[in-house]
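Below is one structure, written out as structure tokens; comments come after it.
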There are 2 protein chains.
Amino acid sequence: MTNHDQNCPNPDYPEKGHPLRMAKTMRSEAAEIVDLGELTKHLGYLMRRAQIWVFQDFIRTLATINIRPAQYSVLTVINANAGMTQMSLSKALGIERARLVHLLNELEARKFVDRRASKTDRRSHALHLTAKGRSALADIKSLAQEHEQHLADRVGRKNHQLLLRLLACFASG
Amino acid sequence: MTNHDQNCPNPDYPEKGHPLRMAKTMRSEAAEIVDLGELTKHLGYLMRRAQIWVFQDFIRTLATINIRPAQYSVLTVINANAGMTQMSLSKALGIERARLVHLLNELEARKFVDRRASKTDRRSHALHLTAKGRSALADIKSLAQEHEQHLADRVGRKNHQLLLRLLACFASG
DNA sequence: TATTGTTATACTCTATAACTATA
DNA sequence: TATAGTTATAGAGTATAACAATA
């Protein structure tokens with residue numbers, strides 16, 4: 001019996017097994033009993049496993065529109081802060097500015113984002129969503145909500161809210 | 001005011017700022033106000049930020065012994081399941097077997113781990129910690145506990161326990 | 001035929017350093 | 001001198017595919 005069976009409202013949601021790790025040829029279903037030792041007492045281990053689970057569900061749920069978590073976060077924050085600079089976006093999301101360049105190149109190539117000349121500082125760019133970007137974001141948000149519902153189904157609505165509150169301790173601090 | 005201020009027992013532990021992201025030259029401390037939009041309602045976003053925080057604290061706390069989270073998990077599970085195969089370890093930790101080869105090569109080069117011939121299946125290896133590996137793991141566990149205490153200090157002891165329970169829903173499932 | 005360990009490749013993301021053009 | 005954006009490189013980590021030895 002694995003650790004979560006006692007506590008998870010719906011341990012098998014959305015189907016048996018890890019979202020993207022369904023073995024192609026599963027001859028022996030016998031899941032070996034492996035002792036994880038101290039690992040299950042470490043928040044870091046559980047967070048890593050949980051984060052992989054969540055991101056894979058996100059990627060799968062938004063696969064039709066081909067948006068990954070990092071891209072979603074960039075679009076969302078630009079939408080909420082039109083005209084912001086790359087440095088500001090980089091700091092807000094904790095994404096290295098060098099990495100952000102590539103993310104923005106992709107989103108600009110897809111005509112979701114505009115880099116406009118700043119009026120006050122000619123070193124920096126003012127970031128804006130295009131009309132196409134705003135339209136796409138509406139669809140993306142809808143799918144992202146669907147994804148979030150998967151998580152709430154998995155862990156329970158109250159626990160979902162609780163996790164949001166508890167994890168905020170580590171964000172940005 | 002950031003999101004976690006109301007809820008975190010000790011929002012500034014262990015010092016101001018992110019563990020490894022202290023700017024080298026911080027002229028203007030004025031943290032710009034950036035609206036994160038819907039992101040703070042997404043478990044995935046908060047998990048990613050939290051996981052980065054936690055892993056960076058782990059890496060820093062165990063820097064003297066030069067052990068990273070993935071290496072720690074491998075040593076711990078081999079210790080608890082002497083003689084296990086690489087496939088079994090790969091499945092238990094959710095690490096691709098191709099990736100595990102490199103991890104084990106490193107740990108074998110450091111004389112922490114032995115790959116012995118299996119007695120029952122000549123395709124597979126039986127994994128064991130060496131005497132040096134067991135000795136090192138004792139020190140490593142002590143530092144890992146210190147790291148875990150940092151997390152408990154950050155989020156509060158009761159919340160720490162709560163998080164362990166809630167996140168287990170996503171692990172392994 | 002399928003599985004174990006291995007090698008190799010591609011892609012995402014992190015971490016740096018260096019460069020340019022501005023400030 | 002310092003900062004914004006860019007380019008480049010190195011290293012984790014993930015995801016695949018293919019191969020040899022073995023089952």
Side-chain angles (χ1 to χ4, degrees), chain A residues 18-28 30 32 48-49 51-53 55-56 58-60 63 66-74 83-91 93-106 108 113 115-127, chain B residues 18-28 30 32 48-49 51-53 55-56 58-60 66-74 84-91 93-106 108 113 115-127:
Chain A
H18 204 281
L20 292 185
R21 233 172 336 98
M22 306 295 289
K24 302 151 215 173
T25 54
M26 187 80 97
R27 170 160 285 183
S28 76
E32 292 177 68
R48 171 182 159 264
R49 299 299 300 247
Q51 207 230 290
I52 290 170
W53 197 101
F55 269 37
Q56 286 183 338
F58 185 99
I59 292 166
R60 191 177 47 165
N66 192 26
I67 287 288
R68 299 173 60 82
Q71 299 171 315
Y72 172 70
S73 69
V74 166
M84 75 189 309
T85 66
Q86 295 184 199
M87 271 309 290
S88 169
L89 181 55
S90 164
K91 282 178 191 156
L93 287 176
I95 297 173
E96 281 298 323
R97 67 194 208 272
R99 168 83 190 126
L100 190 56
V101 170
H102 297 293
L103 282 170
L104 288 172
N105 286 347
E106 281 182 52
E108 207 174 26
V113 169
R115 281 191 259 222
R116 301 187 195 157
S118 166
K119 289 174 170 135
T120 56
D121 185 339
R122 286 165 59 199
R123 291 172 304 182
S124 62
H125 298 153
L127 300 172
Chain B
H18 205 279
L20 292 184
R21 231 170 340 96
M22 306 294 289
K24 302 151 217 176
T25 53
M26 186 79 97
R27 171 162 284 181
S28 77
E32 293 177 66
R48 170 181 160 265
R49 299 299 300 247
Q51 207 231 289
I52 290 170
W53 198 101
F55 270 36
Q56 286 183 337
F58 185 99
I59 291 166
R60 190 176 50 166
N66 192 25
I67 287 287
R68 297 172 61 82
Q71 298 172 315
Y72 172 71
S73 69
V74 166
M84 77 190 307
T85 66
Q86 295 183 198
M87 270 311 290
S88 169
L89 180 55
S90 164
K91 282 179 193 155
L93 287 175
I95 297 173
E96 281 298 321
R97 66 194 209 272
R99 166 84 189 124
L100 191 55
V101 170
H102 298 293
L103 281 170
L104 288 172
N105 286 347
E106 281 182 51
E108 206 173 28
V113 168
R115 280 191 258 220
R116 301 186 196 157
S118 165
K119 288 171 171 134
T120 55
D121 185 337
R122 288 164 61 201
R123 288 173 305 182
S124 61
H125 297 154
L127 300 172

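These numbers come from the heavy atoms of this one structure, side chains and all, not from hydrogens, waters or symmetry mates. All values reported here derive from a predicted model rather than from experimental measurement.
In terms of position along DNA chain C, the nucleotide closest to Ala126(B) lies nearer the 5' end than the nucleotide closest to the other residue of the pair Ala98(A) and Ala126(B). Both Asp121(A) and Arg48(A) lie near DNA chain D, and the one whose nearest nucleotide falls closer to the 5' end is Asp121(A). Mapping Pro69(B) and Asn105(A) onto DNA chain D by nearest heavy atom places Asn105(A) closer to the 5' end of the strand.
Distance CZ (Arg116(A)) to C1' (dA4(D)): 19 Å, rounded to an integer number of Å. Here dT4(C) presents its P atom at 16 Å from CZ of Arg115(B), a figure rounded to the nearest Å. dA12(D) atom C1' lies 13 Å from atom CG of Asn66(B), rounded to whole Å. One can place CD of Gln51(B) at 12 Å from C1' of dA12(D), the figure rounded to the nearest angstrom. Between Gln71(B) atom CD and dG13(D) atom P there is a gap of 8 Å when expressed in whole angstrom units. With rounding to whole Å, Glu106(A) atom CD is found 16 Å from dT6(D) atom C1'. Atom pair Glu96(B):CD and dA10(C):C1' shows a separation of 14 Å (rounding to whole Å applied). Look at CZ on Arg99(A): it is 17 Å from P on dT16(C), rounded to the nearest Å.
Arg122(B) comes within 4.0 angstrom of the backbone, heavy atoms only, and of no base. Within the nucleic acid shown, Thr85(A) comes within 4.0 Å of sugar-phosphate atoms alone, with no base atom in reach, counting heavy atoms only.
For Gln86(B) and dT6(C), the shortest distance from a side-chain N or O to OP1 or OP2 is below 4.0 Å. Distances shorter than 4.0 Å separate none of the side-chain N or O atoms of Arg123(A) from OP1 or OP2 on dG5(D). A close approach under 4.0 Å does not occur between any side-chain nitrogen or oxygen of Gln56(B) and OP1 or OP2 of dT14(C).
Panel note: side chain Gln51(B), backbone Arg48(B); no donor-acceptor pair is recorded below 3.5 Å. When atom types are taken as modelled, the side chain of Ser88(B) and the backbone of Thr85(B) share no donor-acceptor pair closer than 3.5 angstrom. Looking at Arg99(A), its side chain never comes within 3.5 Å of a backbone N or O of Ser90(A) through a donor-acceptor pair. Using modelled atom types, one side-chain atom of Glu108(A) and one backbone atom of Arg115(A) make a donor-acceptor pair closer than 3.5 Å. Under a 3.5 Å cut-off, the side chain of Gln71(B) and the backbone N or O of Arg68(B) do form a donor-acceptor pair.
At a cut-off of 3.5 angstrom, counting only N and O atoms as typed in the model, there is a donor on one side and an acceptor on the other between the side-chain of Arg97(B) and the base of dG5(C).
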